[in-house]
Student: 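Below is a structure I'd like to ask you about.
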Amino acid sequence: MPDLGKYTEIVLTAYAATIVLLAAIIVVSVLRSRKTKRQLAELEARRNG
Amino acid sequence: MSAMMAVMTRELRLALRSGGGAGLGLAFFLIVVMLIPFGVGPVPHLLAQIAPGTLWIAALLACLLSLDRLFQADFEDGTLDILTLSPMPLETLVAIKAVAHWITTGLPLVVAAPILGMTLNLPDAAYWWLVASLAVGTPALSFLGAIGAALTVGIRRGGLLLSLLVLPLYIPTLIFGARCVSAAAEGMDVIPAFQLLGGVTLFTLAMTPFAAAAALRMHMR
Amino acid sequence: MSIWEFANPVRFMRLSGKVLPYATVLAIGLLVVGLVWGFFFTPDDYKQGSTVKIIYIHVPAATLAINAWGVMFIASLVWLIRRHHVSALVARAAAPVGATLTVVALITGAIWGQPMWGTYWEWDPRLTSFLVLFIFYLGYMALWEAIDEPDKAADLTSVLAMVGTVFAVLSRYAVNFWNQGLHQGASLSLDKEEHVADVFYQPLLMSMAGFFFLFLALVLLRTRTEIRARRIRALQQQEAH
């Protein structure tokens with residue numbers, strides 16, 4: 001851990017906020033992708049089966 | 001030309017007879033301006049300082065109020081389909097409707113603004129520029145509003161969405177318009193802001209009928 | 001072989017399925033290298049102290065937030081002119097990613113502004129323009145959500161993207177007229193490397209590339225989801241008949 005001096009909190013907050021936001025968009029995108037993939041697979045299975 | 005006049009007369013007649021479209025916008029303008037002293041306190045010099053911005057923002061909100069009706073009724077009862085079939089281009093129709101909207105909402109605001117400016121203790125030097133900037137700027141508000149109204153025409157409860165789409169488009173007009181008035185109040189050079197305001201309005205008048213007409217065609221396809 | 005071949009959803013799915021893993025790996029790799037390098041192995045700035053480390057997220061996020069709107073603009077234009085469905089869906093997929101990056105840029109900027117300018121929020125032209133950009137993203141996404149018919153939604157949001165682009169640029173310059181501001185000039189440009197010292201420049205480029213691939217991976221993933229959602233919709237309509 002580098003010595004961030006008196007700005008420790010500021011730098012860490014900025015990084016934390018970024019990680020939270022990016023994680024949120026990634027998780028939302030991945031979850032929705034899985035859900036649609038599953039739905040589509042079910043629908044196509046029903047059509048062909 | 002006579003077709004354009006006929007549509008214009010119809011628009012104005014409808015606006016004036018349907019429960020006072022013009023009066024409502026004006027009343028809303030009055031209420032918003034009246035609320036400001038309640039919010040910030042009855043301090044004359046403070047009110048004088050925020051008067052230009054307040055009057056402009058109140059005008060902008062009053063203009064927004066009646067926008068959702070611009071195409072909605074005609075779209076619902078099929079009038080818009082019939083007007084589309086007429087030889088008059090849809091762009092012209094949009095422009096006429098926007099002009100009619102300006103006459104019934106923008107113009108009364110221009111007339112009423114100096115009186116409300118007085119209640120906010122607006123400095124004497126700013127009155128002419130208040131009227132001039134509103135007269136030049138409010139047409140842009142009606143025309144930009146036409147884009148938002150055209151985009152949201154078929155959408156149920158599109159009013160809130162309309163505000164979200166239209167208000168950011170008002171930013172340049174608001175900046176230059178309010179700047180005109182506050183520059184005049186502070187005794188600074190008004191001309192640069194006024195020219196830019198006029199530029200934005202002219203650009204808007206030229207561009208928006210095409211965008212709004214395109215959006216209407218997409219709705220009716 | 002022309003670029004329009006990828007307008008075919010099946011081709012696009014095949015190609016994007018191949019590209020996506022590479023983009024993901026590159027995004028993770030470059031982000032880890034760039035940010036670790038920047039965070040642990042660069043010196044503090046003599047003026048800004050350790051807050052300079054925020055540059056490795058703030059600048060890439062801001063750059064991509066603007067370019068995401070550019071992607072939406074071009075994709076919308078392609079949809080309006082050539083009516084390729086994939087293009088409209090790319091525009092739709094890019095919006096939430098761009099909006100998130102705009103928020104990242106705004107928040108990191110505010111946190112950075114506090115020690116440097118003495119205030120979290122300053123009505124500075126650059127900050128204000130980003131707020132305006134965020135509102136444009138919100139309006140664009142709200143319009144997509146509000147319309148049920150996919151083609152009509154694509155049409156209308158494309159018109160909004162055109163008008164929004166013109167007015168976002170116009171607002172950017174109007175805002176300059178309104179307030180001169182505290183924000184420094186561009187930190188990165190191809191010919192003016194001197195803006196940022198080399199020690200900061202190299203990890204910044206890494207992190208910038210990382211953010212780019214992250215954006216690419218997310219947009220590809222979301223576009224694939226949108227294409228599948230369309231397919232589901234079509235199948236359901238067939239079943240209903």
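For clarity, every value in this text was computed on a predicted model and none was experimentally measured. Below, chains carry the letters A, B, ... as their sequence lines are ordered, and counting in each starts from 1.
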Student: Do C:Glu239 and A:Arg47 meet the salt-bridge criterion of a basic N to acidic O distance under 4.0 Å?
Tutor: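 No, no charged N to carboxylate O under 4.0 Å.
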
Student: Could you tell me which of A:Val11, A:Leu43, A:Leu22, A:Leu40 has the largest number of non-hydrogen atom pairs under 4.5 Å with chain C?
Tutor: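 It is A:Leu40.
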
Student: Which bit of C:Leu218 comes within less than 4.5 Å of chain A, counting heavy atoms only: side chain, backbone, both or neither?
Tutor: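 Only the side chain of C:Leu218 comes within 4.5 Å of chain A.
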
Student: Of all the heavy-atom pairs spanning C:Ile57 and A:Ala14, show the shortest one and how long it is.
Tutor: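 Looking at all heavy atoms of both residues, the shortest contact is CD1-O, 3.7 Å.
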
Student: For a side chain to side chain contact (heavy atoms under 4.5 Å, CB included) check, start with the C-alpha distance between C:Phe39 and A:Leu12, then their side-chain angles and the critical distance, and finish with the verdict.
Tutor: CA-CA 10 Å; C:Phe39 193 84; A:Leu12 291 182; 3.8 Å; yes

Student: Within a strict 4.5 Å, meaning less than it, do heavy atoms of the C:Arg224 and A:Lys37 side chains meet?
Tutor: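 Side-chain contact under 4.5 Å: no.
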
Student: Any salt bridge linking A:Arg32 with C:Glu226? Criterion: basic side-chain nitrogen under 4.0 Å from a carboxylate oxygen.
Tutor: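 C:Glu226 and A:Arg32: salt-bridged.
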
Student: Taking atom CD of A:Glu9 and atom CD of C:Gln114, what is their separation to the nearest 0.5 Å?
Tutor: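 If we round to the nearest 0.5 Å, A:Glu9:CD and C:Gln114:CD are 10.5 Å apart.
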
Student: Passes side chain to side chain contact (heavy atoms under 4.5 Å, CB included), C:Thr108 versus A:Tyr15? Steps please.
Tutor: CA-CA 8 Å; C:Thr108 53; A:Tyr15 272 77; over 6 Å; no

Student: Give, as side chain, backbone, both or neither, the part of C:Phe211 having an atom under 4.5 angstrom from any heavy atom of chain A.
Tutor: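 For C:Phe211, the contact with chain A is made by the side chain alone.
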
Student: To the nearest 0.5 Å, what is the distance between OG (A:Ser33) and CG (C:Leu220)?
Tutor: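 A:Ser33 atom OG to C:Leu220 atom CG measures 11.5 Å (nearest 0.5 Å).
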
Student: Which atoms of A:Val20 come close to chain C, meaning under 4.5 Å heavy atom to heavy atom: side chain ones, backbone ones, both, or neither?
Tutor: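 Neither; nothing under 4.5 Å.
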
Student: Kindly give the heavy-atom pair with the smallest separation between A:Ala17 and C:Ile107, and that separation in Å.
Tutor: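 Closest approach of A:Ala17 to C:Ile107: CB-CG2, 3.9 Å.
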
Student: Please determine, among C:Val104, C:Val97, C:Leu101, the option with the most heavy-atom pairs under 4.5 Å with chain A.
Tutor: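 Answer, by heavy-atom pair count under 4.5 Å with chain A: C:Val104.
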
Student: Which heavy atom of A:Ile10 sits nearest to which heavy atom of C:Pro115, and what is that distance?
Tutor: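 Shortest heavy-atom contact: CD1-CG, 3.5 Å.
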
Student: Going through the checks in order, is the side chain to side chain contact (heavy atoms under 4.5 Å, CB included) test met by A:Thr18 and C:Ile54?
Tutor: CA-CA 10 Å; A:Thr18 308; C:Ile54 299 176; over 6 Å; no

Student: Just wondering, more than 12 heavy atoms not from A:Arg34 lying within 6.0 Å of its CZ?
Tutor: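 No, CZ of A:Arg34 has 12 or fewer neighbouring heavy atoms, counting only those of other groups under 6.0 Å.
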
Student: Do C:Thr225 and A:Ser29 have side-chain heavy atoms sitting under 4.5 Å apart?
Tutor: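 Not touching, per the 4.5 Å side-chain cut-off.
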
